[in-house]
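Notes for the one structure printed next.
Atoms within a ligand are numbered from 1 in the order they appear, just like the ligands themselves. Hydrogens, waters and symmetry mates are skipped; everything else that's a heavy atom, side chains included, is used.
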Amino acid sequence: MIDRAALIAKLPKAELHLHIEGSFEPELMMQIAERNGIQTAFKTLEEAKAAYAFSNLQEFLDIYYQGMAVLLHKQDFYDLTWAYLERAAADNVRHVEIFFDPQAHTERGVAFATVADGILEALADGETKLGITSHVIMSFLRHLSEEDGFALLEESKSYHARFIGVGLDSSEIGHPPSKFARLFAKCRELGFKLCLHAGEEGPPQYVQEALIDIGADRIDHGNRSMEDEGLIQVLRDTQTPLTNCPLSNLSLCVIDDLKQSPLKAQLEAGLLVTVNSDDPAYFGGYVNQNYQAIADALDLSNDQLIQLARNSFTAAFMSEADKAKHLSEIERAMAA
Ligand SMILES: Nc1ncnc2[nH]cnc12
Ligand SMILES: [Zn+2]
């Protein structure tokens, strides 16, 4: 029987929950800071890594926003994205749907086009040079107002055709999805897919609002859905995907131990759950490390690992023909 690490390495997969700014490795951060003549908050790599010990989402977010402040030029955003793509390719990731947080850059005076062009150019190169297809999801920061979200929607108008969807991230508690109901209704009208972080730290009520009231196409995290039988039933019936991020959950103390992850229960309940890295530079692992850690903790079978890889394509925003192509690629990899 193939061993677990070999199976994970061999499986083609999609990554659907990845904040590109959360893939900013401290080595690259220092390099970009130096060329931009900016002082980083941490003087050494060791200092940076030592600071990556979080007891909740907000503690992480404070450091995450601080880290990305060295990104100023299109080349910086290109380099950030390219570094992630090379790492993803090494994990046999064939398709990515990445979030970016434009408001975290425009509020520092970096033009929207600078950010978007750098990311989009790297993704285009990712397809031609690494064979990784991609989509971009423009995320609204939920600690800001709905009006700020509408302003971003207007500012990004000329790029809308290049984004598959919109997201909702940042500080969850106190900022429920319902705060953005009008904004997401407008985004739906414009044809965007809707992906909302919900139930990471926030209560099941936030998942209810995202899933039922707003009609999310995917729920990011969604851990706390498992506290509500009604939500589980809707998630199963609608096959609305959940993007689970095991190492993120552990790093942010959403769970105290990976054994507490709801992932296996979600699989066994017939939910369309996927494995993702969220902010790999901060949480200690890219996608394969997330598969490995959660499989070890929950003793997932090889069939369950294959199911997770299949789910990653089924849950992606790609055509049925492309999904079928990737699913048969998994069958071929398993037969080889
Ligand atoms: N895990 C997470 N939750 C909410 N917002 C985020 N932004 C980046 N990572 C995030
Ligand atoms: Zn996230």
Notebook entry, point to check: Cation-pi between Arg94 and Phe313: NZ/CZ under 6.0 Å from ring centre and within 45° of the ring axis?
Noted result: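 So Arg94 doesn't make the cation-pi contact.
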
Next item on the list: First locate atom CG of Asp148, then atom CG of Leu153, and finally report the distance between them rounded to the nearest 0.5 Å.
Entry: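 Nearest 0.5 Å value for the CG-CG distance: 12.5 Å.
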
Name the atoms and distances for all side-chain donor-acceptor pairs under 3.5 Å in residues 259-267, with sequence neighbours left out.
residue	atom	partner	partner atom	Å
Gln260	OE1	Asp256	N	2.8
Ser261	OG	Leu263	N	3.1
Lys264	NZ	Leu298	O	2.8

Margin query: Is the ring pair Phe99/His17 parallel, tilted or perpendicular, if the boundaries are 30 and 60 degrees?
Written below: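 Perpendicular: the ring planes of Phe99 and His17 meet at over 60°.
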
Checklist line | Working for side chain to side chain contact (heavy atoms under 4.5 Å, CB included), residues Val273 and Leu308 | finding: CA-CA 7 Å; Val273 62; Leu308 286 165; 4.1 Å; yes

Check: Closer than 2.8 Å to the Zn ion (ligand 2), how many protein N/O/S atoms do you count?
Finding: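 Protein heteroatoms (N, O, S) closer than 2.8 Å to the Zn ion (ligand 2) number 4.
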
Next item on the list: Kindly indicate whether the side chain of Ile212, heavy atoms from C-beta on, has any atom under 4.5 Å from the side chain of Val234.
Entry: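 Side-chain contact under 4.5 Å: yes.
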
Item checked: Validation row: Phe24, Ile32 side chains within 4.5 angstrom (heavy atoms) ->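 They are in side-chain contact.
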
Check: Does CD belonging to Glu229 count more than 12 external heavy atoms closer than 6.0 Å?
Finding: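 No, the 6.0 Å shell around CD holds no more than 12 heavy atoms from other groups.
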
Next item on the list: Name all pairs fulfilling the side chain to side chain donor-acceptor pair (under 3.5 Å) condition that reach into residues 38-50, sequence neighbours left out, sorted by first residue then second.
Entry: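 Of all non-adjacent pairs touching residues 38-50, those that pass side chain to side chain donor-acceptor pair (under 3.5 Å) are Glu27-Lys49.
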
Next item on the list: With a 4.0 angstrom cut-off on heavy atoms, strictly below it, pick out the residues next to ligand 1 and order them by chain and number.
Entry: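 For ligand 1, the contacting residues are His19, Leu57, Phe60, Leu61, Tyr64, Asp169, Ser170, His197, Glu200, His221, Asp278, Asp279.
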
